[in-house]
Structure formats: structure tokens, C-alpha cells
S.K.: 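Let me begin by handing over the structure; questions about it come next.
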There are 2 protein chains.
Amino acid sequence: MGEGLRYTVVGSPRLDEAVEVLRRAVFSKKPLVLAGLCEARYEGRAASEAEAGDKLVIVKADGSVIVHGLKGFKPLNWQPDTSYIGVESVEGEVRMTFVRRRPREVLEVRCREVGFIAVFESPVEGGYWMFLSEDEIRNAIASFPREVLGEDLVFPEKERRLREAGYADLYGYDSEGRPVIVEVKRVKAGEEAVRQLLRYVEKARNMGKRGVRGILAAPDISDAARSLLERSGLEFRRIDLKRVYGLLKSGRERRTLEEFLES
Amino acid sequence: MGEGLRYTVVGSPRLDEAVEVLRRAVFSKKPLVLAGLCEARYEGRAASEAEAGDKLVIVKADGSVIVHGLKGFKPLNWQPDTSYIGVESVEGEVRMTFVRRRPREVLEVRCREVGFIAVFESPVEGGYWMFLSEDEIRNAIASFPREVLGEDLVFPEKERRLREAGYADLYGYDSEGRPVIVEVKRVKAGEEAVRQLLRYVEKARNMGKRGVRGILAAPDISDAARSLLERSGLEFRRIDLKRVYGLLKSGRERRTLEEFLES
DNA sequence: CTCTGAATTTCGTGC
DNA sequence: GCACGAAGTTCAGAG
């Protein structure tokens with residue numbers, strides 16, 4: 001409040017006021033929220049229609065548009081990226097048109113009653129982190145194979161972090177020098193994960209590798225997937241996410257200590 | 001406006017006011033929107049943290065919670081279904097806690113500044129349709145195989161609408177009596193679609209069927225998928241979505257006419 | 001309950 | 001740009 005105007009909230013605006021406020025926000029690329037009795041129509045990769053009802057329309061500065069109904073997590077309509085936004089008053093309604101070029105999609109929102117419009121006048125962006133991703137589990141396996149998978153494995157390419165299309169998560173060797181392919185899943189593994197691993201193992205065998213082992217590493221596995229895995233001669237290793245988290249945390253601390261000693 | 005209070009909008013509320021308004025809305029299961037300078041912390045299947053910044057928090061009557069930042073289509077944090085919602089004031093902040101039992105997940109949103117809170121007092125739910133789903137394309141193929149796929153096929157089981165796990169979209173026979181399996185994709189088909197079809201065809205062959213044909217029906221196909229498909233001895237049929245839409249529409253009109261004649 | 005597959009999936013990354 | 005794979009995927013249907 002003392003830090004200057006952060007939000008403009010207009011309650012029950014007239015048609016022309018609503019259009020004016022929306023146009024100003026869209027033109028100056030300020031995020032906005034509109035609530036009201038609206039209909040929505042989408043045409044593009046599919047086609048859909050949302051009947052008149054209370055909707056919440058969110059328009060962000062990057063051009064993403066989200067139309068929420070009163071129920072559920074998923075939006076009724078949306079547009080992840082728009083190339084054109086139009087605001088007009090047509091037949092006593094506020095009409096917003098959101099066009100995306102590629103793929104060609106059009107989202108039209110018509111509001112016969114606008115409850116309020118809120119504009120973020122001086123938006124403050126905050127950072128965002130997510131931890132314990134699949135990639136971090138992969139790193140934990142590469143760094144601590146004994147602790148996570150229960151046997152000593154060597155992964156010469158463990159620094160290759162990004163997964164190329166058609167390549168498994170980890171390629172390495174066991175203590176007897178046999179090639180080992182590890183497929184990592186952060187959640188319970190299904191049949192698709194087994195088939196994926198099988199493809200990589202067969203590809204390696206076709207390239208002339210001998211005695212290739214395939215290991216599926218996941219917190220759990222479905223019965224059907226387990227069955228397919230055993231029929232395919234592959235192995236399953238259960239991983240303990242809490243343990244992995246602990247290993248990574250200690251790894252981080254160690255790294256921090258090393259950095260400290262280097263300084 | 002003439003129809004009674006539809007929204008309550010409170011701008012820049014004090015801490016205790018905000019808590020009061022939020023509690024009342026949550027308790028009476030009214031949808032609400034809050035905008036402000038907030039942080040969010042999630043712990044459950046993964047763990048994430050959103051730093052202080054402008055957030056839009058949406059809480060719906062069914063318990064779904066969505067936290068949007070200033071960018072992108074996807075929410076920063078969410079909870080599709082909550083079993084507990086808590087609202088308190090802690091250390092000069094509004095703290096909302098959203099708990100989900102299964103899977104066990106906790107989302108905590110702390111707001112150090114509340115720009116506004118809007119409550120939908122008498123929500124109006126609107127209907128929703130989506131058309132031209134994969135299932136409708138499948139129906140069009142079953143009803144008009146010549147028009148969509150360019151040859152006369154017969155699908156004895158075409159009325160089975162729901163796809164069971166491990167079963168292809170359509171089983172039928174061509175004009176020479178050979179079994180035909182059709183896999184339908186509403187969007188450009190990738191390698192995964194070809195592998196799926198191949199599994200179904202091989203399953204049918206293993207069950208003793210002879211001369212089984214596999215047809216992948218989609219608006220387009222990727223190069224890699226086309227290559228895999230040809231190596232696997234499967235067929236591709238390009239489908240024209242506009243044509244399918246037209247066929248279904250005429251089908252609907254016909255049905256309506258029949259209904260009219262029956263009445 | 002779990003499993004399976006679709007989604008206007010979106011999103012990132014490699015090519 | 002396209003393609004492939006992950007996602008706190010969500011969601012709906014079947015067993």
C-alpha cells in the first residue's frame with residue numbers, strides 16, 4: 001500500500017469500462033484476472049464450447065490465457081501462447097479473442113456480465129525450484145550405485161546429464177565388466193517403462209554388445225510390468241526416494257565443504 | 001447486479017480481515033481468488049518451492065487449489081483434490097495449508113501482502129462440451145470406412161466404444177475377409193503409435209489369426225514413425241479431420257431426422 | 001483400490 | 001522448426 005499502486009481492481013464495470021481496462025492491461029502487457037458470466041469457444045486442434053457460467057479468465061504478460069470454471073484443477077479452455085489478443089464490445093458483451101499461430105487455434109471468450117477485473121500494475125516475479133527430479137535420481141545412481149542399487153557399477157558417461165531421444169538413462173558396467181543399462185523412473189514403473197528399457201537393451205545387443213544387463217530402477221513396479229520384465233530377462237531394483245534424497249543432500253553438503261576448503 | 005450479490009471483492013485487506021474472508025469462503029465452500037505477494041511450498045510426490053512474488057491463488061468449491069505465477073500456462077503449485085484446508089495468520093502473514101491424503105501431499109501458501117480477495121457468492125455453473133475427440137474419429141471410421149479410410153471395411157464390434165487396456169481401437173475385416181486392426185490417432189502419429197499397433201497385430205497373429213493387416217489412421221505421421229511402420233509391414237491412412245467432422249455432423253442430422261420420423 | 005491410455009496435454013531438450 | 005520423453009502430469013474408464 002505504501003509501496004505504490006500494485007493492483008487495480010474494478011468491480012462490476014460497465015461494458016465500455018471493462019473493454020477500456022482490459023485493452024489497457026493487454027496493451028501494456030500487464031497480467032490481469034477477470035471474473036464474470038462468460039461463454040468460451042475454442043477451435044483448433046480440437047473444438048470445444050463452454051456454456052455461460054461463472055468463469056475466471058487469467059491473461060498473463062507472456063500471452064498465456066487460462067479460462068477456469070468453478071470445478072476441477074484443469075482449465076476449461078486455454079492458450080499456452082497467443083500471438084494476437086483482441087478486446088471489443090459486441091452486442092452488449094465483452095468479447096476477447098485469443099489467436100495462436102502455430103498450431104492455428106482461436107479462443108473466444110464472451111462475457112455478458114463482468115464481476116470484476118484486476119490488473120497487476122507492478123508485478124513481482126518470484127523464483128521457483130523443484131527438487132528430487134528424475135534427473136537427480138539418475139545422478140544419485142551414477143554417484144552412489146552401491147547405496148542406491150545395491151551393487152558396484154561404473155558409469156563412465158555419468159556426466160552426460162541430458163537424455164537424448166532413444167537413449168536410456170544410464171550406460172555402465174558391472175563388477176564383472178558386463179554392460180549394464182539402467183532405466184530410471186521416479187514413480188511406480190508400468191509396462192511402458194519395461195518396454196522402453198527392453199528397446200535400449202536390444203539395441204545394444206544388436207550393436208554387438210554381449211551379456212548386456214537391463215536394470216529398471218524405480219520406487220515400485222506394477223504387477224503387469226514385473227511380469228513383462230521377468231519374461232524379458234530384465235532386472236528390477238527398488239529405490240528408496242528418502243535414501244536418495246539423503247544421499248544427494250550429503251553430497252551437496254560435501255560439495256559445499258570442498259568449496260569451503262578450496263577457498 | 002440486479003440479481004443480488006454475485007461477488008464479494010475485498011481490496012488490500014488487513015491480516016485479520018483476509019483470514020476472516022478466506023475462512024468464511026472455505027467453510028461455506030464458495031470459490032475464491034486471492035492475489036498477493038506470496039510464497040508457496042509443496043511436499044509430496046516431489047518437493048518444490050516458489051519464492052515470494054505475485055501469485056494468484058484459486059480455491060474452488062470442490063477443494064481444488066491452483067497457484068499461478070506471472071508466467072506460463074502451467075500453475076506453479078496445485079492440489080487437484082484437498083482433504084483439508086487450513087487458514088491462519090502466522091507471523092504477520094496469511095498462511096493457507098492444503099492437505100491431500102492420497103497421495104500424501106501438502107501445499108502451503110504464505111502471503112505477506114494480500115492485494116485482493118474475491119469470493120463467488122452465488123456461483124453459476126455452465127455446461128461444457130468437447131467434440132471431435134479420438135473416440136468420435138473412431139466412430140466415424142466404424143460408420144464410414146470407405147469415406148475416411150478409402151476402402152470398405154466391416155467392424156462387427158463397432159458399438160464397443162470404450163477402449164480396454166491392451167486392445168486396439170477397431171477390429172474388423174476387409175473386403176477379402178482378412179482381419180484388419182485399426183489404430184486411431186487424433187494428432188500426428190509418432191513411433192509410439194506404430195509400436196502400439198504392432199503389438200496388437202502381433203497379438204492377433206499369435207492367437208492364430210492369418211493375414212492380419214494393421215492400419216494406423218491419423219491426420220499425419222512422423223518420418224521415424226513412417227519408417228518403423230513400413231519396416232513392420234503396417235499401413236498408414238491419412239485422415240482428413242474436416243471431412244470426419246462433416247461426416248459426423250451429417251450423421252447427427254440423419255439421426256435427428258430419424259428421431260423426428262419416429263415421433 | 002490399481003492399471004491403462006488420452007490430453008487442445010505442456011514443457012524441455014536435442015537435432 | 002520437428003520429435004521424443006517427462007510430468008507432483010490430470011483425467012476417465014475398467015477390473
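The figures that follow rest on heavy atoms only: side chains count, while hydrogens, waters and symmetry mates do not. Naming convention: chains lettered A, B, ... in sequence-line order (proteins, then strands); numbering from 1 in each chain.
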S.K.: Examine D/dT10: is either OP1 or OP2 under 4.0 Å from a nitrogen or oxygen in the side chain of B/R45? Give yes or no.
M.R.: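 Yes, such a contact exists.
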
S.K.: Between A/F131 and A/Y245, what is the ring plane arrangement, given parallel below 30°, perpendicular above 60°, and tilted in between?
M.R.: parallel

S.K.: Of B/S222 and B/Q79, whose closest DNA chain D nucleotide lies nearer the 5' terminus?
M.R.: B/S222

S.K.: Could you check how far CD of B/E192 sits from P of D/dA6, rounded to whole Å?
M.R.: 10 Å

S.K.: Rounding to an integer number of Å, can you tell me how far A/K203 NZ sits from D/dC4 P?
M.R.: 11 Å

S.K.: Evaluate the salt bridge (Lys or Arg N to Asp or Glu O under 4.0 Å) criterion for residues A/R41 and A/E39: first the C-alpha distance (whole Å), next the side-chain angles of each, then the deciding distance (0.1 Å), finally the verdict.
M.R.: CA-CA 7 Å; A/R41 200 177 55 78; A/E39 293 165 73; over 6 Å; no

S.K.: Give B/D223 one of three labels, base, sugar-phosphate or nothing, depending on what nucleic acid heavy atoms sit under 4.0 Å from its own.
M.R.: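 Here B/D223 touches the backbone only, sparing every base.
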
S.K.: Which sits closer to the 5' end of DNA chain C, B/S133 or A/G190, going by the nucleotide each is nearest to?
M.R.: A/G190

S.K.: Nearest-Å distance, CZ (A/R226) to C1' (C/dT2)?
M.R.: 16 Å

S.K.: What is the separation between atom CG on B/L197 and atom P on C/dG5, rounded to the nearest whole Å?
M.R.: 14 Å

S.K.: Between A/P80 and A/K74, who's closer to the 5' end of DNA chain C by nearest nucleotide?
M.R.: A/K74

S.K.: Let me know the distance between CG of A/D81 and C1' of C/dT8, rounded to the nearest Å.
M.R.: 14 Å

S.K.: Would you say B/W78 reaches D/dT10's phosphate, i.e. side-chain N/O to OP1/OP2 under 4.0 Å?
M.R.: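 For D/dT10, OP1/OP2 do have a side-chain N/O of B/W78 under 4.0 Å.
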
S.K.: When you match A/R102 and A/Y128 each to their closest nucleotide on DNA chain D, which lands nearer the 5' end?
M.R.: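 Whichever sits nearer the 5' end wins; that is A/R102.
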
S.K.: Starting at NZ of B/K60 and ending at P of D/dT10, how long is that distance when rounded to a whole Å?
M.R.: 15 Å

S.K.: If you check the B/A46 side chain, which of D/dT10, C/dC11, D/dG8 turns out closest?
M.R.: D/dG8

S.K.: By nearest atom, which of the nucleotides C/dA6, C/dT10, D/dA7 is closest to the B/E183 side chain?
M.R.: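 The nucleotide sitting nearest to the side chain is C/dA6.
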
S.K.: Does the side-chain ring of A/F73 sit on the six-membered ring of the D/dT10 base, less than 5.5 Å centre to centre and under 30° in tilt?
M.R.: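 The ring of A/F73 is not stacked on D/dT10.
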
S.K.: Classify A/L76 by what it touches in the nucleic acid, base, sugar-phosphate, or nothing, heavy-atom distance under 4.0 Å.
M.R.: base

S.K.: When the distance from CZ of A/R195 to C1' of C/dT4 is rounded to whole Å, what number comes out?
M.R.: 10 Å

S.K.: It should be established whether A/Q196 places a side-chain nitrogen or oxygen under 4.0 Å from OP1 or OP2 of nucleotide D/dA6.
M.R.: yes

S.K.: Of the nucleotides C/dG5, C/dT8, D/dT10, which has the atom closest to the A/E105 side chain?
M.R.: C/dT8

S.K.: Do B/N77 and B/S48 have side chains that get closer than 4.5 Å, going by heavy atoms?
M.R.: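 Heavy-atom side-chain distance check passes, below 4.5 Å.
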
S.K.: Indicate whether OP1 or OP2 belonging to C/dT2 is found under 4.0 Å from a side-chain N or O atom of A/K188.
M.R.: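 The answer is no; no side-chain N or O of A/K188 sits under 4.0 Å from OP1 or OP2.
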
S.K.: Would you say A/R205's side chain and A/V212's backbone share a donor-acceptor pair under 3.5 angstrom?
M.R.: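 Checked: pair present.
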
S.K.: Rounded to the Å, how far apart are A/M130 CE and C/dC11 C1'?
M.R.: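 Computing the A/M130:CE to C/dC11:C1' distance gives 12 Å.
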
S.K.: If you measure from the P atom in D/dG8 to the same atom in D/dC4, how many Å do you get, rounded?
M.R.: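 These two P atoms come out 22 Å apart once rounded.
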
S.K.: Ignoring the backbone of A/A224, work out which of C/dT4, C/dT8, C/dA6 is nearest its side chain.
M.R.: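 Nearest nucleotide to the side chain: C/dT4.
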
S.K.: Counting only heavy atoms not in B/N206, do more than 12 fall under 6.0 Å of its CG?
M.R.: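 Atom CG in B/N206 is packed in, count exceeds 12.
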
S.K.: Does D/dA6 have its OP1 or OP2 closer than 4.0 Å to a side-chain nitrogen or oxygen of A/K185?
M.R.: yes

S.K.: Is any side-chain heavy atom of B/I66 closer than 4.5 Å to a side-chain heavy atom of A/H68?
M.R.: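 Yes - at least one pair of side-chain heavy atoms lies under 4.5 Å apart.
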
S.K.: By nearest atom, which of the nucleotides D/dA7, C/dT8, C/dT10 is closest to the A/E134 side chain?
M.R.: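 Taking heavy atoms from C-beta onward, the closest nucleotide is D/dA7.
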
